[in-house]
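Below is one structure, written out as structure tokens; comments come after it.
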Amino acid sequence: MSDAGPARVSPGAELRHFITDIIDADVASGKWGPVGDSSVVRTRFPPEPNGYLHIGHAKSICLNFGLAERYGGVCVLRFDDTNPVKEEEEFVRSIIEDVRWLGFAWPGARDDDLKAGVRFASDYFQQMHDWAVELIRKGKAYVDEQTSEQIRAARGDLTTPGTPSPFRDRPVEESLRLFEEMVQGRHPDGSMVLRARIDMASPNMNLRDPVMYRIVNARHHRTGDAWHVYPMYDWAHGLEDSIEGITHSICTLEFENHRPLYDWFIDAINEGRGPGSAWGEKIHHPQQIEFARLNPSYIVTSKRKLRQLVEEGYVRGWDDPRMPTLSGLRRRGYTPESIRAFAAETGVTKFNGVHDIGWLERAVRDHLNKVAPRRMAVLNPLKVTITNWADGGEADRIEYVDVINNPEDPGAGTRKVAFGRTLYIERDDFMEDPPKKFFRLGPGREVRLRCGYWIRCDQVVKNEAGEVVELLCTYDPQTRGGESPPPDADGNVRKVKATLHWVAAAECIEAEIRLFDRLYLAERPGRESDNHLDDLNPESLRVMTGCKLEKALGERLGDEPAWSDGIRRFQFERLGYFCVDPDSTPGRLVFNRTVTLKDSWSKERARNP
RNA sequence: AGGGGAUUGGUGUAAUUGGUAGCACGACGGAUUCUGGUUCCGUUAGUAAAGGUUCGAGUCCUUUAUCCCCUGCCA
């Protein structure tokens with residue numbers, strides 16, 4: 001982990017919810033091992049390698065790995081790679097990297113070998129096949145030669161029972177033979193399937209003779225051409241859990257209807273098993289538990305929609321800082337700690353609610369506030385000339401003032417920042433005709449330049465178009481370091497109402513700064529129009545060029561924290577948190593705004609425009 | 001009456017299993033402040049509805065309402 005300090009909430013530590021209640025009871029009763037031994041707890045995170053992980057997955061990762069940490073058990077990273085036509089090796093890599101980035105490790109994980117200790121469902125294909133044969137022998141599965149259309153039509157609907165397949169009662173030997181032919185690739189895709197024989201009249205559609213295997217004559221990214229049939233989720237998942245000795249198999253609410261099937265398959269294998277049985281010993285039967293997935297406002301997490309954003313060019317890629325993918329959030333500047341804190345704060349329940357995305361923003365502000373070094377950067381520069389600069393010495397001299405690195409961390413110390421005759425301040429910090437509650441600079445007003453000097457605006461310089469292009473100001477040499485000047489003869493102390501950030505023209509660097517806003521304007525994108533694209537925010541990206549930054553941002557200073565992911569993050573005073581984008585080159589820095597600071601002035605302005 | 005799940009302030013969640021509805025965030029107000037940041041203090045507002053059992057109901061029972069999931073050879 002980084003030296004950047006802990007997030008506000010230590011993940012998984014003392015959080016309680018209905019799943020911990022279940023596990024506590026199991027530990028107390030000795031359901032999975034010796035009474036009181038919590039180290040037997042085994043969970044798993046089972047992504048399909050067909051896309052990038054997003055914030056919703058992060059919640060599941062934090063839950064599963066957090067539970068393992070809490071109980072002293074383990075959490076397995078297992079790829080559910082049962083569909084070769086949708087899955088790719090590239091996703092395996094990115095998923096592993098994302099889980100590691102969040103700060104979690106599984107048994108056997110190593111830094112020098114990304115895949116060390118990682119499990120794959122495809123490693124269990126032979127075992128699953130053998131169990132399928134066992135179910136055929138037990139009369140609990142059969143090969144169906146109907147077309148997929150016929151199967152669908154015969155399934156019935158929500159209120160009418162299905163009708164049995166004409167192949168439902170075919171001889172066991174025939175199913176056995178056909179299944180082996182399927183396995184060997186002797187039949188084309190879609191020509192037949194292996195189905196479980198359960199109940200065509202079940203009110204639970206999942207139990208109407210579900211498909212266990214389909215023929216897919218495609219190359220698998222790990223097993224190559226070894227298999228021509230691939231197991232369906234419902235058949236495979238519980239077996240994967242069983243093989244790995246998972247105790248608590250945690251999934252989302254939509255799998256609640258699948259639990260009877262999860263249990264049925266394992267029970268069917270176990271039927272007739274036991275000591276002395278020819279079938280063998282009973283296999284491990286994990287408990288499936290469902291919880292409500294994370295559902296944050298103002299974003300989408302559907303793989304289809306995320307892919308559409310990327311492929312149709314609404315964003316610049318899967319790691320576009322506006323994307324809710326972990327790679328996007330990482331590039332945006334979010335810390336693993338803040339994401340873990342967010343996941344912990346949203347709780348674990350069975351209630352399908354909406355989680356305010358503002359919580360995620362607050363989580364990263366909270367974390368970065370404590371650990372991010374402060375720097376000064378001017379997004380939209382307005383030139384300031386100190387007309388009486390010569391009062392304090394040579395007219396073209398540079399003075400170095402000590403600027404606080406982090407008021408939240410006295411140990412962070414100070415740095416030297418150049419101050420000179422020509423400066424830049426934020427254009428938004430000056431108003432020619434300021435309203436009552438605007439505290440910043442205006443004609444005749446005096447403000448403090450942070451850790452620099454107090455300046456007073458004497459004159460406004462405009463171009464032909466009437467735009468303000470420069471401010472002529474005087475400074476008070478007695479206010480060096482931003483200190484208050486001594487009281488006047490009558491004992492009155494002068495005060496300023498605002499402190500502004502600034503950079504000196506003589507010693508600054510230019511950079512591009514990318515400002516991001518929410519990708520969507522609607523709390524639930526697509527809710528109204530049924531098309532999430534209708535709710536896209538046309539101003540979600542604003543690229544600022546010619547920004548003026550203090551020189552220290554161009555080089556890595558010794559006081560910068562050793563971030564675990566190597567991403568340099570800062571607070572730009574009074575603006576927000578920013579990080580260095582990988583698009584940066586040595587001569588041309590690019591920063592991303594992670595999140596703004598809380599801004600009560602803009603709130604006030606919105607209230608009284 | 002197809003099946004399954006859910007419902008506590010604006011939001012997210014707790015409530016020792018029948019015993020004072022608590023916490024966090026937000027919003028609002030105030031204090032502090034060399035970041036209109038941070039921090040601190042205060043205010044705000046809730047058991048979906050109706051019946052019932054009980055000395056006592058968020059919790060138990062009945063009815064109703066609303067929302068989510070389920071008819072892939074996806075996961």
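From a predicted model like this one, the values you see are computed outputs, not experimental measurements. Every chain is numbered from 1, with letters handed out A, B, ... down the list of sequences.
As judged by a 4.0 angstrom heavy-atom cut-off over every strand, A/E408 is placed among the base-contacting residues. Across all strands, A/M232 comes closer than 4.0 Å only to sugar-phosphate atoms, never to a base (heavy-atom distances). If you check every strand for non-hydrogen atoms under 4.0 Å, A/S484 touches nothing. In this structure, A/H258 reaches the bases: a heavy-atom distance under 4.0 Å links it to at least one base atom across the strands shown. Contact annotation for A/G482: base contact, defined as any heavy-atom pair under 4.0 Å involving a base atom. A/E483 comes within 4.0 angstrom of a nucleotide base, judged by non-hydrogen atoms across all strands. In this structure, A/V354 reaches the sugar-phosphate backbone alone: every heavy-atom distance under 4.0 Å involves primed, P, OP1 or OP2 atoms, never a base. Contact annotation for A/N257: base contact, defined as any heavy-atom pair under 4.0 Å involving a base atom. Among the protein residues, A/E149 comes within range of no part of the nucleic acid, since none of its heavy atoms lies under 4.0 Å from any strand. Looking at heavy-atom distances under 4.0 Å, A/R607 makes contact with sugar-phosphate atoms alone, never a base. Among the heavy atoms of the strands, none lies under 4.0 Å from A/Y453. Within 4.0 Å (heavy atoms only), A/P47 reaches no atom of the nucleic acid at all.
Of the N and O atoms on the side chains of A/E345 and A/H355, not one donor lies less than 3.5 Å from an acceptor on the other residue. Using a 3.5 Å distance cut-off with no hydrogens or angles, the side chains of A/E181 and A/H228 do not pair a donor with an acceptor.
Salt bridge annotation for A/R155-A/D209: absent, with no cationic side-chain nitrogen under 4.0 angstrom from a carboxylate oxygen.
Across B/U35, B/C28, B/A14, the shortest atom-to-atom separation from the side chain of A/K603 is found for B/C28. When each of B/C69, B/U13, B/C25 is scored by its nearest atom to the side-chain atoms of A/W359, the top-ranked nucleotide is B/C25. In this structure, of B/U38, B/A75, B/C70, it is B/C70 that holds the atom nearest to the side chain of A/L158. Here the side chain of A/Y233 is nearest to one of B/A75, B/G26, B/G4, namely B/A75. For A/K350, the side-chain atoms get nearest to B/A6 when compared with the rest of B/C69, B/A6, B/G72. When distances run from any side-chain atom of A/P203 to the nucleotides B/G3, B/U71, B/A24, the shortest one goes to B/G3. With distances taken from any side-chain atom of A/E256 to the nucleotides B/U35, B/G72, B/G5, the minimum falls on B/G5. Comparing atom distances between the A/W601 side chain and each of B/G4, B/A24, B/G36 picks out B/G36 as nearest. Nearest to the side chain of A/V193, among B/C73, B/C74, B/A14, sits B/C73. Nearest nucleotide to the A/R527 side chain, out of B/C68, B/G36, B/A75: B/C68.
In this structure, A/F120 has its ring center at least 6.0 angstrom away from the ring center of A/F125. Centroid-to-centroid, the aromatic rings of A/F419 and A/Y453 come within less than 6.0 Å. Taking the six-membered ring for Trp and the full ring otherwise, the centers of A/H57 and A/Y52 sit at least 6.0 Å from each other. Checked against a 6.0 Å centroid threshold, the rings of A/H258 and A/Y262 do not count as neighbours.
Taking only side-chain nitrogens and oxygens, A/T346 never comes nearer than 4.0 Å to OP1 or OP2 of B/G12. The side chain of A/R440 contributes no N or O atom lying less than 4.0 Å from OP1 or OP2 of B/G36. At the phosphate of B/G37, OP1 or OP2 sits under 4.0 Å from a side-chain N or O atom of A/S600. Of the side-chain N and O atoms in A/R374, none sit less than 4.0 angstrom from OP1 or OP2 of B/U35. Residue A/R16 has no polar side-chain atom (N or O) positioned under 4.0 Å from OP1 or OP2 of B/A15. A/R214 has a side-chain polar atom (N or O) that falls below the 4.0 Å cut-off from OP1 or OP2 of B/C74. Between A/R155 and B/G72, a side-chain N or O to OP1/OP2 separation shorter than 4.0 Å is present. For A/S602 and B/G36, the shortest distance from a side-chain N or O to OP1 or OP2 is not below 4.0 Å. When the side-chain nitrogen and oxygen atoms of A/K598 are compared with OP1 and OP2 of B/U38, one or more of them lie within a distance under 4.0 Å.
In this structure, A/R375 fails the cation-pi test against A/F572, since its NZ or CZ atom is not both closer than 6.0 Å to the six-membered ring centre and inside 45 degrees of the ring normal.
For B/G18, there is no paired base (Watson-Crick or G-U wobble, both distances below 3.5 Å). The base-pairing partner of B/G37, taking Watson-Crick or G-U wobble contacts with both distances under 3.5 Å, does not exist among the strands shown. Across all strands shown, the partner of B/G51 is B/C61, judged by Watson-Crick or G-U wobble contacts whose two distances both fall under 3.5 Å. For B/A24, the paired base is B/U11 (Watson-Crick or G-U wobble, both distances below 3.5 Å). Nucleotide B/C67 forms a Watson-Crick or G-U wobble pair with B/G5, both donor-acceptor distances falling under 3.5 Å. Base pairing annotation: B/G56 forms no Watson-Crick or G-U wobble pair, as no partner gives both donor-acceptor distances under 3.5 Å.
Taking the C1' atom of each, B/C61 and B/U20 are spaced 25 Å apart, rounded to whole Å. One P atom belongs to B/U63, the other to B/C68, and the distance between them is 23 Å to the nearest Å. Separation of the P atoms belonging to B/G29 and B/G12 is 25 Å when rounded to the nearest angstrom.
Residue ring and nucleobase are not stacked for A/F351 and B/A6 under a centre distance beneath 5.5 angstrom and an angle between planes beneath 30°.
Under the 30°/60° scheme for interplanar angles, the aromatic rings of A/W235 and A/F265 are found to stand perpendicular.
Look at B/U64: its glycosidic torsion is beyond 90° from 0, and that puts it in the anti range.
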